[in-house]
Each structure stands twice: as C-alpha cells, then as structure tokens.
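In what follows, chains carry the letters A, B, and so on, assigned in the order in which the sequence lines appear, proteins first and then strands, with residues in each chain numbered from 1.
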2 protein chains.
Amino acid sequence: MSVRASRHATLLEVAREADASKTSVSRYFGGERERLSPALRQRIGEAARRLGYRPNQIARGLKGGRSRLLGMLVADIRNPYSIAVMHGVEQACREHGYSLLVANTDNDPAQERTHLALLASYRVEGLVVNVAGSPTRELQDMADQGLPLVLLDRWLAEVEADVVGLDNPLAIDMAVDHLRRQGYRNLLFLSEPLGQASPRQQRWQRFEQRLADEPTLYGERRAPPLGGEAVEDVVRDFLARTGRSAALLCANGNVTLAATRALQALGVPLGEVGLLGIDELDWCGLVPPGISTLAQPTEAIGRAAVQHLLARLDDATQPPRRTLYPARLNARGSTRLEGLNDNKEWQ
Amino acid sequence: MSVRASRHATLLEVAREADASKTSVSRYFGGERERLSPALRQRIGEAARRLGYRPNQIARGLKGGRSRLLGMLVADIRNPYSIAVMHGVEQACREHGYSLLVANTDNDPAQERTHLALLASYRVEGLVVNVAGSPTRELQDMADQGLPLVLLDRWLAEVEADVVGLDNPLAIDMAVDHLRRQGYRNLLFLSEPLGQASPRQQRWQRFEQRLADEPTLYGERRAPPLGGEAVEDVVRDFLARTGRSAALLCANGNVTLAATRALQALGVPLGEVGLLGIDELDWCGLVPPGISTLAQPTEAIGRAAVQHLLARLDDATQPPRRTLYPARLNARGSTRLEGLNDNKEWQ
DNA sequence: TTGTATGCGTTATCAG
DNA sequence: CTGATAACGCATACAA
C-alpha cells in the first residue's frame with residue numbers, strides 16, 4: 001500500500017493562481033524579477049507564498065543542464081582529515097550556490113567505481129576526488145567529457161586534473177629539521193603501507209632523500225600494518241638498536257595514533273623518545289606532554305578545491321593546475337628532549 | 001568564455017545506435033532486461049557501451065518523482081558523533097540504492113532553514129534531521145506534504161516524526177550506577193548550555209531525578225560555557241568543597257574534552273578524581289589512565305534512521321515511531337579509584 | 001516481444 | 001513587458 005505523496009506546488013499552479021504565464025513565474029524565480037511589472041511581480045509573489053511553491057531543482061537541472069550539484073568522493077569518511085577538508089568544501093559550495101553530494105568509498109576500489117558512476121548520473125557539475133584505488137580510466141573519461149575534476153591529496157599521474165593538497169616534500173623537510181633542531185639524531189619514519197597513495201610515497205621518498213643528503217643523520221623507514229603488534233615490534237626494535245635521542249616521524253594521523261599506543265605500551269615517555277606526526281588531531285594536546293604535529297590547512301584545501309572547480313567550470317580550457325599548501329608546525333612536549341616536566345602547559 | 005560541455009550520451013542516441021526504440025533501451029536500464037529478446041538485449045548493451053551511456057538520474061527523478069536521494073541535515077559535521085552516524089546512514093543508503101545529500105548547518109538556525117528548503121528543492125525522498133534550532137514549522141510542513149522524516153538524537157515535541165537516538169535516561173542511570181559502584185560519592189554533572197537540545201535536557205533532568213531518589217548520593221549540575229576558564233573554575237570549586245571521592249560526569253564528547261583539559265590544568269590525576277564521559281572518542285584510551293566512556297551505537301543509529309525512512313516511504317500512514325538504543329560502557333582507568341598504577345593496559 | 005505517444009517541471013526561444 | 005511553445009531525458013500507459 002504505497003502512499004507516495006509529497007505533493008509540491010508547481011510552476012504552472014502558481015501561474016494559474018497568479019493569473020500569469022509560466023514564463024513570468026519562471027522569470028520571477030530565475031532572478032529576472034526586474035523585467036516584470038510591479039503588479040505582476042506582486043501577484044506572483046503572493047501566489048507562490050500561498051501555495052508554498054519552491055522551484056524543483058530536478059526539473060531545472062534537466063532543462064538547463066545545471067544541476068547546481070558538486071560531488072565529493074571521499075576514500076574514508078571517518079578520517080578526521082577528510083572531514084575537515086569536507087567542511088571547507090561544503091562551505092565554499094554554499095557560498096557559491098552549490099550543494100554537495102558526498103560519496104564515501106571506505107577505501108574500496110569497487111565501491112569507488114560504483115560511486116563515480118553514481119555521481120556522474122546525477123550530473124554533478126564538478127567533482128572533488130580523494131581516490132582510494134586507481135580509477136584512472138573512469139576519471140580520465142569523465143575529464144574528457146568536460147567534467148571539471150580536482151584530485152584531493154592523492155593524485156594519479158595519468159589523469160589530467162587539478163590537484164590540491166599538502167606540499168609533502170616541504171612537510172618532511174620541516175619535520176626532519178624540527179627533530180634535528182630538538183636534538184634527535186636517530187629517526188624512524190613510520191608510514192602506513194604505501195600502496196597507490198601518492199602522499200605516502202612522496203613522504204617516504206623525501207625522507208630517504210634527506211637521509212642521503214645528510215650523512216650525519218641516521219634514519220630508517222618502515223611501513224608496518226597498523227593493526228596488531230607490528231608497530232610496537234618495529235618501535236621496540238628500533239629503540240633497542242639506537243638508544244637515546246631517537247624520534248618517530250609518523251606519516252599521517254592513523255600512524256600517530258598507533259605509534260602513541262605503541263610507545264605507551266612500551267612504557268617510554270614521550271619526548272625522551274621524540275614523536276612528531278603529520279596531521280593535527282583533537283587529542284594531540286591532551287596526551288602528556290602533548291604530541292607535536294604538522295597540521296594541514298584543511299579548510300583552505302577544501303575551499304581551494306571548489307575554487308578550482310569553479311574556475312574550470314568557467315573556462316574548461318585551462319591547463320591542469322596544482323596547488324600545494326605548506327604544513328604548520330605545532331611543537332609540543334613530545335619533541336622536547338630536556339626539561340620534560342618543567343611545564344604543565346601542553347597546549 | 002564559458003565552455004559548458006559535459007556531453008553525455010542520451011537514451012535516444014543509444015536507441016538509434018542500437019536500432020531500437022527508446023522504450024526498449026529504457027527497459028534495458030530499468031531492470032526489465034528479461035523482457036527483451038537476446039538479440040535486442042545484446043545490441044543495446046553494445047551500443048550503450050560504445051557510447052558510454054549512463055542513465056540520467058535527474059531526468060529519471062523528474063519523470064517518476066523518484067529522485068533516489070535521501071537528505072541528511074547535520075548540526076555540526078565536525079562532531080565525531082555526527083560523522084559516525086552519517087557513516088551508518090550512508091551505508092544503509094547505498095545498500096538500498098539511495099544516495100545521500102548532506103547539508104551542514106554549523107548549528108546556525110538561519111542556515112538550517114536555508115538548507116531545509118534546499119534539500120526539499122532537490123526532492124529528496126526522505127530526510128534525516130539533526131536539528132540545530134527549532135525549525136518546527138518548516139519540518140511540520142514537510143511532514144504534512146508527505147515527506148518521511150526522522151529526527152536524529154535531538155527531537156522537537158511539536159513535530160510528528162520518527163525519532164532515533166540514545167536512551168538518555170538509561171545512559172545516565174548506567175553512568176551514575178557505575179560511578180557509585182566504583183566508590184565515587186560526590187558527582188558533578190557537566191553539560192554544555194542546555195538550549196533547545198533535547199538530549200542535553202533529558203540527561204540533565206535524569207541526573208536531577210537520581211539525586212532526588214537517592215539521599216545518600218551527593219551531586220551538583222553545571223553547564224558552563226566550554227571556551228575559556230569556566231570549566232576549570234567550576235571543577236576547581238567543586239573539588240575544593242567535596243574533597244575526595246569526587247567524579248565528573250560529562251554530558252557529551254565536547255564536555256569530556258574540556259573536562260580533561262581542566263583536570264590536567266589543575267594537576268589532578270584522572271581516577272583519583274573520577275571522569276566518565278558520554279560519547280566514545282578516538283583518544284579516550286590514550287590519555288592515561290584511559291578515560292571511561294559510554295559509547296553510543298552510532299552505526300546502528302544511522303542505519304535505523306534510514307530504515308525508518310524506507311518504512312515510511314512504503315507506508316506513509318504509520319504512526320510516529322521512536323527507537324532508542326542503550327549505551328555501552330567502556331570502563332577505563334579514569335573511573336578507578338584504587339590501584340591507579342598497577343596496570344599499564346588502559347585500553 | 002517491441003514500439004508510439006504523452007507528460008514530468010522547468011527554461012529558452014521566439015513572437016506579440 | 002508578457003506569453004505561447006518547444007525542448008530537456010526519461011518512464012509508462014497503451015497499442016501492435
């Protein structure tokens with residue numbers, strides 16, 4: 001017994017109620033009220049109010065090809081980074097009169113393909129993509145069809161699209177420089193398994209390069225699975241071999257979480273063993289003596305993504321642009337070797 | 001020089017390419033392939049593939065009134081609770097062939113009204129609403145028009161809609177019982193300012209009732225602003241007057257964060273002063289000796305919301321339902337008075 | 001099994 | 001300034 005209801009007033013009904021033509025009503029709501037005589041304008045306004053009329057965006061989209069929808073494909077919606085960026089995207093959308101259709105792939109390439117098709121079927125006018133796998137063909141097809149695309153954080157070399165994200169080499173430089181300045185000489189770079197994710201690869205490689213450039217710096221790189229004991233084992237082993245003045249550099253928020261757990265399990269005080277993470281998290285100031293981080297300007301990244309989309313919507317012939325932001329250092333107790341307990345202010 | 005492109009193949013083009021009629025192509029994609037002869041079926045399949053055809057959901061929605069879109073209005077998208085619920089909503093949507101249109105109000109009643117109108121204009125078939133203010137009229141109007149509605153977490157007495165959320169009185173009972181069992185006798189209930197939010201009011205009131213019911217229990221309620229020093233002042237004052245066996249009960253995740261900061265600033269070890277928060281957060285296991293929480297079954301709540309929507313979509317005449325879930329207790333060190341340091345396993 | 005004709009709510013193109 | 005009328009891409013009675 002399906003009772004599909006949701007009766008909405010239509011343009012035609014308003015026109016009848018106001019004793020006007022569809023065209024005039026369309027003009028009224030299409031931002032051309034100036035072209036209507038004051039009398040007509042008022043009649044339409046009142047009729048619409050009486051009927052509770054709201055233009056049907058679906059119908060609008062069909063006619064003009066303008067859905068007023070932007071799409072965002074997120075690899076992991078539970079990642080605080082994604083959320084923060086999404087907040088920026090959403091704000092920028094609103095400011096420009098667009099709505100946001102969000103799809104989450106949970107890092108599953110199959111779902112990624114499905115959702116990409118889905119977003120396309122809703123005729124989104126632009127797409128912010130945080131790829132999970134390598135949907136190169138699908139994305140290139142969409143780009144070829146003229147759909148503005150911006151790759152967020154992770155990029156695919158084969159796809160011609162704008163890229164917005166963090167300046168990863170610079171971030172690694174900032175991290176290494178900070179740790180050295182603080183007196184740490186043995187660095188362990190911890191990453192999630194690299195896979196296809198370009199930021200992980202970039203950070204991983206840059207760290208290697210720094211090692212090669214500076215003989216006085218000792219370092220190792222590891223990418224253990226985050227579940228289970230692997231991280232703890234890796235850290236224990238590293239500390240056993242290098243002794244004092246060792247520090248951990250965590251390639252992202254998830255790693256920072258795992259590394260913090262590992263250090264706590266090992267009973268090692270933060271700071272005595274350095275800990276610096278890429279990505280700022282709510283709780284980094286709360287775990288004594290505070291965890292140092294490199295924060296990404298997530299809000300700005302999200303807004304930039306939308307701006308790129310709009311620019312390309314305005315002129316599809318632009319060459320692909322790449323906008324990279326520097327990270328911001330939040331130095332806290334976890335990268336302070338000395339005077340560990342002389343200060344309660346971890347924030 | 002606007003270069004609006006995005007040429008998509010249409011049903012008609014596929015029909016021509018396959019030398020078939022629009023109807024047949026429509027059937028092919030409308031899930032009636034069985035009704036087509038194998039030959040036709042294959043011709044259409046190939047033609048569609050060649051042209052890269054994808055059905056236009058916009059057009060589909062216009063014709064059948066089925067946009068296949070569900071809407072979700074979130075009060076604060078940066079709140080981990082909202083995200084977790086949203087994840088559940090999104091999954092359930094996908095499983096049932098719907099997409100999710102998300103709107104964030106940033107707790108601004110004005111934006112709330114705007115976004116409600118917006119979602120309506122996209123003809124979402126159902127709406128999950130986490131209200132910020134009291135858009136009673138708007139919501140009731142939408143409900144009257146036959147739009148399935150479910151209120152998430154916060155509810156409005158005046159609106160006839162399904163409600164999905166936490167069993168708040170039960171949660172407070174669990175919290176109080178746990179704290180007493182652990183030996184805490186002086187309880188401070190900390191909330192954000194109550195405002196219109198029904199969960200805050202329910203928790204606040206239930207705590208009062210427990211106080212009234214049990215003369216041997218001492219307690220106070222406070223709702224200081226979360227920014228600045230207010231929380232710290234309130235806590236310091238309470239501890240000064242009650243001395244030992246005092247515990248803080250935090251009404252939500254934000255309060256837990258603020259209370260943790262306050263206790264750290266005051267130099268009070270967690271556990272010695274109890275701390276129990278409603279809402280589970282990533283870092284609760286990381287702050288020594290672990291912060292006890294009452295976790296909400298966020299995933300289930302999100303899925304339930306969608307199920308309610310679908311049920312009502314199927315039969316609009318159902319009376320409003322209310323589905324409340326019990327919280328789950330994560331007991332950690334922050335509610336352990338004795339043997340504070342005998343165990344490193346905080347998780 | 002297949003095709004024809006009509007309409008969904010809106011905007012755009014023309015005339016008046 | 002105002003109004004007919006034709007698309008937009010698709011689904012669906014209805015007909016063959």
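With C:dT13, C:dT10, D:dC10 as the choices, the nucleotide that has an atom nearest any side-chain atom of A:N56 turns out to be C:dT10. Side-chain atoms of B:L62 lie closest to C:dC8 of the nucleotides C:dT2, C:dT10, C:dC8. Of the candidate nucleotides D:dC10, C:dT1, D:dT2, C:dT1 has the atom lying nearest to any side-chain atom of B:S37. With distances taken from any side-chain atom of A:L11 to the nucleotides D:dC10, C:dT10, C:dT1, the minimum falls on C:dT10.
As a whole-Å value, the separation of A:E32 CD from C:dT13 C1' is 13 Å. What separates CZ of A:R66 from C1' of C:dG9 is a distance of 18 Å, to the nearest Å. Atom NZ of B:K63 is separated from atom P of C:dT10 by 15 Å (rounded to the nearest Å). Taking atom CG on A:L51 and atom C1' on C:dG9, their separation rounds to 15 Å, with Å as the unit. For the pair A:R33 CZ and D:dC1 P, the computed distance is 16 Å after rounding to whole Å. The separation between A:Q42 atom CD and D:dT2 atom P is 13 Å, rounded to whole Å. Spacing between atom CZ of B:F29 and atom P of D:dA11 amounts to 10 Å, rounded to whole angstrom units. Between B:R68 atom CZ and C:dC8 atom P there is a gap of 21 Å when expressed in whole angstrom units.
Taking a cutoff of 4.0 Å between a charged side-chain nitrogen and a carboxylate oxygen, A:E95 and A:R303 qualify as a salt bridge.
A sub-4.0 Å separation between OP1 or OP2 of C:dG3 and a side-chain N or O of B:S24 is present. Close to D:dT12, at under 4.0 Å from its OP1 or OP2, lies no side-chain N or O of B:S26. Considering only side-chain N and O atoms, B:Y28 lies nowhere under 4.0 angstrom from the phosphate OP1 or OP2 of D:dA11. Proximity of B:S21 to the phosphate of C:dG3: a side-chain N or O atom is located under 4.0 Å from OP1 or OP2.
With B:S99 contributing its side chain and B:R94 its backbone, the two residues share no donor-acceptor pair below 3.5 Å. Side-chain N or O atoms of A:Q140 include one that pairs as donor or acceptor with a backbone N or O of A:E160 at under 3.5 Å.
Counting any heavy atom pair closer than 4.0 Å across all strands shown, B:R60 reaches sugar-phosphate atoms only and no base atom. Residue B:L40 is classed as a sugar-phosphate contact, given heavy-atom separations below 4.0 Å to backbone atoms only. Within the nucleic acid shown, A:I58 has no heavy atom closer than 4.0 Å to any nucleic acid atom.
Evaluated for a side chain to side chain contact (heavy atoms under 4.5 Å, CB included) with B:V131, the options B:L116, B:L156, B:D153 yield exactly one hit, B:L156.
Residues B:V74 and B:M72 form a side-chain contact, since some pair of their non-hydrogen atoms from C-beta on lies under 4.5 Å apart.
For D:dA4, the base has a donor-acceptor partner in the side chain of A:T23 [N/O atoms by modelled type, under 3.5 angstrom].
DNA chain C is contacted by both A:R27 and A:L12; A:L12 maps to the nucleotide lying nearer its 5′ end (nearest heavy atom per residue). Comparing A:R43 and A:K22, the nucleotide of DNA chain D nearest to each residue sits closer to the 5' end for A:R43. Remark on DNA chain C: of its neighbouring residues B:R41 and A:T10, the 5'-side contact belongs to B:R41, judged by nearest-heavy-atom nucleotide.
Of all heavy-atom pairs between A:I58 and B:S67, the closest is CD1-CB, 4.1 Å.
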